[in-house]
*Asks:* 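Got a structure here, written out as structure tokens. Questions coming.
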Number of protein chains: 2
Amino acid sequence: MLPQSSESRLKELKDIDRRITRMARIKAILEWDQETNLPPSGVEERAEQLAALEGLLHELRTQPLLGPLTAELAEATLPSAEDRALVERHQREYLRSSKLTKDFVERRARLIGVAQPAWALARREADFSQFLPYLEKIVELERETADRVGYATHPYDALLDVYEPLTTTQDVREIFAELEKGIVELVQTIRTRPQVDSAFLYRRYPKEMQEATVREILPKLGFDTKAGRLDTTTHPFCTTLGSKDVRITTRWDEKFFNPAFFGVIHETGHALYEQGFDPKLAESSLASGTSLGIHESQSRFWENIVGRSRAFVDHVFPLLRRHFPEALSNVDAETFFRGINRVEPSFIRVEADEVTYSLHILLRFRLETALLDGSLAPADVPGAWNDLSEKLFGLRPSNDAEGCLQDIHWAMGGLGYFPTYALGNLY
Amino acid sequence: MLPQSSESRLKELKDIDRRITRMARIKAILEWDQETNLPPSGVEERAEQLAALEGLLHELRTQPLLGPLTAELAEATLPSAEDRALVERHQREYLRSSKLTKDFVERRARLIGVAQPAWALARREADFSQFLPYLEKIVELERETADRVGYATHPYDALLDVYEPLTTTQDVREIFAELEKGIVELVQTIRTRPQVDSAFLYRRYPKEMQEATVREILPKLGFDTKAGRLDTTTHPFCTTLGSKDVRITTRWDEKFFNPAFFGVIHETGHALYEQGFDPKLAESSLASGTSLGIHESQSRFWENIVGRSRAFVDHVFPLLRRHFPEALSNVDAETFFRGINRVEPSFIRVEADEVTYSLHILLRFRLETALLDGSLAPADVPGAWNDLSEKLFGLRPSNDAEGCLQDIHWAMGGLGYFPTYALGNLY
């Protein structure tokens with residue numbers, strides 16, 4: 001039995017945690033709507049609304065009460081592992097947030113609120129110069145974050161820690177060095193062998209049938225359609241608006257089978273993790289997972305280990321033949337299975353094969369750390385990206401849309417996030 | 001010139017007003033999403049999120065500072081009519097809100113958060129008994145509101161005042177008595193004349209073509225599609241998520257032309273009012289209109305005075321013929337114009353003709369005031385509704401879906417709202 005005092009102190013923490021989680025999800029509703037529905041002229045006021053919520057969240061996370069409360073509970077050796085995790089999470093969060101000011105987090109929210117639509121436009125027009133002023137301000141703010149939060153060796157440590165707690169830049173560097181060596185060797189070996197045929201993946205796949213396909217597959221994967229939904233966005237994602245309201249998005253490419261199909265399976269991996277938490281954690285911050293790397297391990301597992309497996313192909317191939325009679329007319333399950341597992345360096349990360357995928361992460365990690373320590377200026381990103389792409393993949397992007405503008409994460413202020421994808425592959 | 005002190009006090013009020021407006025619109029985003037997107041299992045947590053925002057709004061509206069601030073500014077005889085309106089609005093709002101507690105407004109928000117989906121289900125199944133427990137709690141809470149807020153003569157005064165400030169139940173009663181007399185006489189006269197043909201309105205109007213039609217008409221009416229959108233819901237509405245993000249919704253009926261067409265024109269009337277505010281009032285609470293009655297006057301004006309006019313029909317009829325070649329094959333503009341203006345008592349308010357429309361409001365007003373003063377029990381609503389329907393229209397609903405369950409407003413806690421529709425017809 002826990003002493004009465006710890007019991008009631010724990011309840012206090014859980015009440016605060018519930019209020020914080022609720023507010024974070026309200027913010028997620030605004031962000032989801034921003035990506036799926038927001039009319040173009042609504043961008044600036046939405047950024048102000050998000051900034052207001054970020055300010056409120058900051059107030060909740062740094063309420064002075066939390067310092068002594070979490071310190072006291074950390075000393076109390078609680079019997080439940082869940083309770084200990086909750087205390088640790090809030091103690092870390094409190095210490096970190098207390099080093100930032102409300103004004104700072106609001107400024108940051110306002111910036112990324114307008115940076116995302118600016119990125120979407122720049123990407124559409126394949127013109128980095130439109131996004132540069134935003135990237136400059138974002139890098140500046142993230143360096144300020146690192147300075148305020150503090151770090152042992154590299155300013156990037158302070159960002160990485162949000163997504164992969166207790167992991168340092170040096171840890172990632174070492175893992176990635178080993179990974180690069182292994183992947184490069186593997187790719188070279190693969191190159192010496194006859195290449196499999198995947199031309200059929202680039203035939204015409206009508207959007208309506210793609211949608212019918214994934215909507216039929218979703219429940220088969222275990223996605224609860226009464227507690228979630230699927231929508232369309234420029235950049236696919238999964239977000240949790242409530243423990244019983246987990247939403248995924250995808251984009252449709254009528255000339256390429258993979259993006260929507262494997263994209264949806266990937267996001268469903270995230271969604272299954274979110275829908276799978278113990279209902280008693282419904283409005284708890286613990287119901288967001290251990291780390292983003294672990295989260296990605298779930299999505300990458302479903303996308304690659306399940307989605308690209310022979311057994312899964314055997315199961316869904318009849319359904320695919322039914323929906324795409326023309327594109328798959330002379331394709332059998334074996335050919336399909338080999339085609340979706342073809343390994344070949346390419347430009348777009350989210351469409352990359354399982355082997356070369358981590359090289360995309362490596363590239364971004366090197367640029368991000370260089371941006372953070374000042375050895376790379378934002379204006380030089382396109383050149384540096386293209387050089388590194390040539391070195392790692394033997395491919396030079398012909399424009400910024402298939403190069404440095406392909407991902408939304410920097411526009412979201414998500415520097416430090418990318419490594420979790422590669423870590424997710426390894427977990 | 002305003003004295004320096006009033007100038008800076010006014011700035012204080014405007015800052016508070018901006019924060020309140022922003023939070024109210026964040027709440028509107030959650031409500032819009034609730035009606036358009038929310039997965040069924042997400043209902044309860046969404047109600048908690050709405051309650052949390054309602055609690056925050058209550059805190060903002062009742063911050064002690066606002067009492068002396070608005071009182072002082074009310075004395076200061078400000079030269080700008082806008083500034084005076086802002087002060088008056090907040091003074092009234094502060095006095096009203098201060099009589100309610102945060103706990104009470106949260107409780108109310110939580111209740112209507114779950115009552116709306118319950119109403120939607122009850123309506124689908126035409127089963128009032130499923131909605132009864134919610135209606136009982138809502139009436140109880142609204143009576144408590146009236147008791148807390150206070151009123152001169154009738155508890156309903158306290159609710160009406162939110163939507164139509166400074167108007168009393170007695171005012172409405174007198175207006176409606178006169179209105180009833182006039183309408184009943186007019187309907188009797190119309191009955192003695194040969195009826196116009198409107199059978200063509202009940203042919204098949206494919207949903208996709210209805211949608212194409214209204215999307216083509218929206219910009220013609222002046223709706224800015226970059227600063228708003230159109231979506232589908234069970235009960236049509238217009239809501240403002242930002243001064244440049246005004247959203248309308250509609251429902252589609254393939255067997256009846258009117259609901260989507262005139263419904264969209266009606267909601268566009270609301271939207272034009274919202275999109276038309278001076279941009280300098282972008283995040284001000286003044287940018288929500290003078291009263292709900294005035295708001296309805298705009299939507300009813302566009303729906304009836306414009307939308308059912310001969311000039312408008314002449315303008316849109318070629319477009320309608322293009323989209324509905326079969327349904328309108330042997331119909332000309334004159335027949336169409338007469339058909340959409342046919343007067344005939346019917347069950348559904350939102351589909352009623354211009355003449356009998358206000359009788360629907362009268363019916364609801366009588367039931368609402370009776371619920372509030374206790375002379376009608378919620379359980380007796382279906383019977384009372386049907387009796388009154390028979391008396392006013394000569395029609396008895398065959399089930400609750402075409403009777404007392406047809407509107408969402410009670411489930412939204414919107415008792416006191418209905419009279420504004422009839423007042424809107426009169427302004």
Side-chain angles (χ1 to χ4, degrees), chain A residues 15 18-34 36-57 59-60 106 113 223-231 240-249 271 275 279 282-284 287, chain B residues 15 18-34 36-57 59-60 106 113 223-231 240-249 271 275 279 282-284 287:
Chain A
D15 283 345
R18 195 178 311 111
R19 280 201 292 276
I20 292 176
T21 305
R22 213 172 265 162
M23 197 54 66
R25 286 175 176 172
I26 290 172
K27 191 167 154 263
I29 297 169
L30 269 65
E31 288 165 337
W32 177 88
D33 180 83
Q34 181 180 45
T36 48
N37 299 312
L38 188 64
S41 303
V43 165
E44 282 174 25
E45 275 174 51
R46 178 59 55 89
E48 291 296 337
Q49 292 161 347
L50 285 165
L53 289 177
E54 197 62 71
L56 274 172
L57 268 170
E59 275 179 7
L60 288 169
E106 285 180 348
F223 183 88
D224 179 355
T225 52
K226 288 200 154 143
R229 30 184 302 135
L230 167 69
D231 293 274
T240 294
L241 315 190
S243 72
K244 290 171 188 159
D245 184 6
V246 177
R247 304 190 185 183
I248 62 175
T249 71
Q275 288 186 335
E283 288 192 290
S284 157
Chain B
D15 283 345
R18 195 178 309 113
R19 282 200 291 277
I20 292 176
T21 306
R22 213 172 263 162
M23 196 56 66
R25 287 176 176 172
I26 290 171
K27 190 165 156 264
I29 297 169
L30 269 65
E31 288 165 337
W32 176 88
D33 181 84
Q34 181 181 45
T36 48
N37 300 310
L38 189 67
S41 302
V43 165
E44 283 174 24
E45 276 173 52
R46 178 58 56 89
E48 290 296 338
Q49 292 161 347
L50 284 166
L53 289 178
E54 198 61 71
L56 275 171
L57 267 171
E59 276 179 6
L60 287 170
E106 285 179 349
F223 184 87
D224 179 355
T225 53
K226 290 203 153 133
R229 25 184 307 136
L230 166 69
D231 293 273
T240 293
L241 314 189
S243 72
K244 291 171 188 157
D245 184 4
V246 177
R247 304 191 185 181
I248 62 174
T249 71
Q275 287 187 334
E283 288 191 291
S284 158

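First the proteins, then the strands, lettered A, B, ... as listed; each starts at 1.
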*Asks:* At what distance, to the nearest 0.5 angstrom, does CG of D33(A) lie from CH2 of W32(B)?
*Replies:*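 Going from the CG atom of D33(A) to the CH2 atom of W32(B) covers 5.5 Å.
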
*Asks:* Can you measure from CG (L50(A)) to CD1 (I26(B)) and round to the nearest 0.5 angstrom?
*Replies:*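 Output value for this atom pair is 7.5 Å.
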
*Asks:* Can you tell me how far apart CG (L53(B)) and CG (L53(A)) are? Round to the nearest 0.5 Å.
*Replies:*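 Answer rounded to 0.5 Å: 7.5 Å.
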
*Asks:* With a 4.5 angstrom heavy-atom cut-off, could you sort out which part of A227(B) is near chain A: side chain, backbone, both or neither?
*Replies:*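 The answer is both parts of A227(B).
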
*Asks:* Once rounded to the nearest 0.5 Å, what's the spacing between atom OG of S41(A) and atom CG of D224(B)?
*Replies:*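 So the OG of S41(A) and the CG of D224(B) are separated by 5.5 Å.
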
*Asks:* State, yes or no, whether a side-chain contact exists between L56(A) and L56(B) at a heavy-atom distance under 4.5 Å.
*Replies:*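 Yes, side chains in contact.
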
*Asks:* Under 4.5 Å heavy-atom distance to chain B, tell me which part of R46(A) shows up: side chain, backbone, both or neither.
*Replies:*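 Side chain only.
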
*Asks:* Could you tell me whether the side chain of D245(A) reaches within less than 4.5 Å of the side chain of V43(B), counting heavy atoms only?
*Replies:*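 A side-chain contact is absent here, since even the closest heavy-atom pair is not under 4.5 Å.
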
*Asks:* Using side-chain contact (heavy atoms from CB on, under 4.5 Å) as the criterion, point out the one residue from K244(B), K226(B), R247(B) that pairs with P39(A).
*Replies:*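 It is R247(B); the other options fail the test.
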
*Asks:* Counting only non-hydrogen atoms closer than 4.5 Å, does T36(B) touch chain A with its backbone (N, CA, C, O), its side chain (CB onward), both, or neither?
*Replies:*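 Backbone only.
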
*Asks:* Out of E283(A), E44(A), E48(A), which one racks up the most heavy-atom pairs below 4.5 Å with chain B?
*Replies:*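 Heavy-atom pair counts peak at E48(A).
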
*Asks:* Can you name the nearest heavy-atom pair linking Q49(B) to L241(A), along with the distance?
*Replies:*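 That closest heavy-atom pairing would be NE2-O, 2.8 Å.
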
*Asks:* Apply salt bridge (charged side-chain N to carboxylate O under 4.0 Å, His left out) to R25(B) and list each qualifying residue two or more places apart in sequence or on a separate chain.
*Replies:*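 Per chain and number, R25(B) pairs via salt bridge (charged side-chain N to carboxylate O under 4.0 Å, His left out) with E45(A).
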
*Asks:* Examine distances only and state if a side-chain atom of R229(B) and a backbone atom of L38(A) form a donor-acceptor pair shorter than 3.5 Å.
*Replies:*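 Not a single qualifying donor-acceptor pair exists.
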
